[in-house]
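Just so you know, residue 1 is the first one in the sequence shown, and it goes up from there. The analysis underlying the following values was restricted to heavy atoms, covering all of them including side chains, and did not include hydrogens, waters or symmetry mates. Start at 1 and go down the list; that is how both ligands and their atoms are numbered.
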Amino acid sequence: MSDTLLRLMAVLNDRKYADADSSYVASLYAAGTDKILKKLGEEATETVIAGKAGDKQQIIYETADLWFHSMVLLAHNDIDVEAVLHELDRRFGLSGLEEKASRSKK
Ligand SMILES: N=c1c2ncn([C@@H]3O[C@H](COP(=O)(O)OP(=O)(O)OP(=O)(O)O)[C@@H](O)[C@H]3O)c2ncn1[C@@H]1O[C@H](COP(=O)(O)O)[C@@H](O)[C@H]1O
């Protein structure tokens with residue numbers, strides 16, 4: 001499954017050398033961080049709206065947009081998606097409630 005994310009990440013890195021007129025991703029890089037963050041915010045909002053409506057197909061569609069734009073932000077910052085996958089792996093099996101409790105003791 002994560003193979004899809006790795007393959008997409010490779011394309012996003014390649015697009016750093018592409019023409020903004022022929023690539024949506026290259027056009028986002030060219031427009032800069034604020035444009036990428038704006039798209040990310042829009043996609044997050046659209047995902048929330050889809051979730052509120054309870055429309056499964058729309059939730060899938062909007063989540064794909066959200067993940068895609070999150071990955072553009074990662075690539076723009078030279079962060080590999082594997083770093084996020086490793087972070088999720090590190091958290092695997094660690095209860096969110098336990099993690100929160102350990103934070104409040106610090
Ligand atoms: N997965 C995606 C992907 N998901 C969503 N999008 C684009 O993200 C945009 C989402 O923005 P909106 O829904 O707000 O649509 P919009 O109104 O057209 O956008 P704006 O004009 O507001 O920017 C659309 O243009 C979608 O086509 C994507 N564009 C590209 N990819 C992947 O990235 C690869 C490289 O894309 P290019 O750089 O365009 O070759 C592609 O081969 C795909 O694998």
Counting non-hydrogen protein atoms only, what is the nearest one to [atom]? Give residue, atom name and distance.
| atom | result |
| --- | --- |
| atom 28 (C) of ligand 1 | F68 CE2, 3.4 Å |
| atom 15 (O) of ligand 1 | K39 NZ, 4.3 Å |
| atom 10 (C) of ligand 1 | E43 OE2, 3.7 Å |
| atom 38 (O) of ligand 1 | S23 OG, 2.5 Å |

Requested in this report: May I ask whether E46 has any heavy atom positioned less than 4.0 angstrom from an atom of ligand 1?
Outcome: no
Within the structure, does at least one protein heavy atom fall under 4.0 Å of [atom]?
| atom | result |
| --- | --- |
| atom 20 (P) of ligand 1 | yes |
| atom 41 (C) of ligand 1 | no |
| atom 33 (O) of ligand 1 | yes |
| atom 17 (O) of ligand 1 | no |
| atom 5 (C) of ligand 1 | yes |

Query raised in the report: N/O to N/O below 3.5 Å, does that happen between R15 and ligand 1?
Result: yes
Report task. Flag Y24 as yes when one of its N or O atoms lies below 3.5 Å from any N or O atom of ligand 1, and as no otherwise. Result -> yes
Taking all non-hydrogen atoms of both residues into account, name the closest pair between [X] and [Y] and its distance.
| X | Y | result |
| --- | --- | --- |
| A75 | K16 | O-NZ, 2.8 Å |
| M71 | L5 | CE-O, 3.2 Å |
| L28 | V72 | CD1-CG1, 3.9 Å |

Query raised in the report: Would you call I36 and K39 a side-chain contact if the rule is heavy atoms closer than 4.5 Å?
Result: no
Query - Whether S23 side chain and D19 backbone form a donor-acceptor pair below 3.5 Å - result: no
Query raised in the report: Side chain of D55, backbone of Q58: donor and acceptor closer than 3.5 Å?
Result: yes
Query raised in the report: Heavy-atom distance to atom 44 (O) of ligand 1: which of L8, T4, V11 wins?
Result: L8
Requested in this report: Determine, for D34 against K38, whether the closest basic-nitrogen to carboxylate-oxygen distance falls under 4.0 angstrom.
Outcome: no
Report task. Taking ring-ring contact (aromatic ring centres under 6.0 Å, His included) as the test, write out the residues that go with Y61, two or more places apart. Result -> none
Query - Distance filter under 4.0 Å to H69 heavy atoms, resulting ligand 1 atoms - result: 8 (O), 10 (C)
**Report entry** More than 12 heavy atoms from other groups under 6.0 Å of CG on L97
**Finding:** no
Report task. Anything under 30° is parallel, anything over 60° is perpendicular, the rest tilted; go ahead and classify H69 against Y24. Result -> perpendicular
Query raised in the report: Where's the contact between V25 and ligand 1, heavy-atom distance under 4.0 Å: side chain, backbone, both or neither?
Result: both
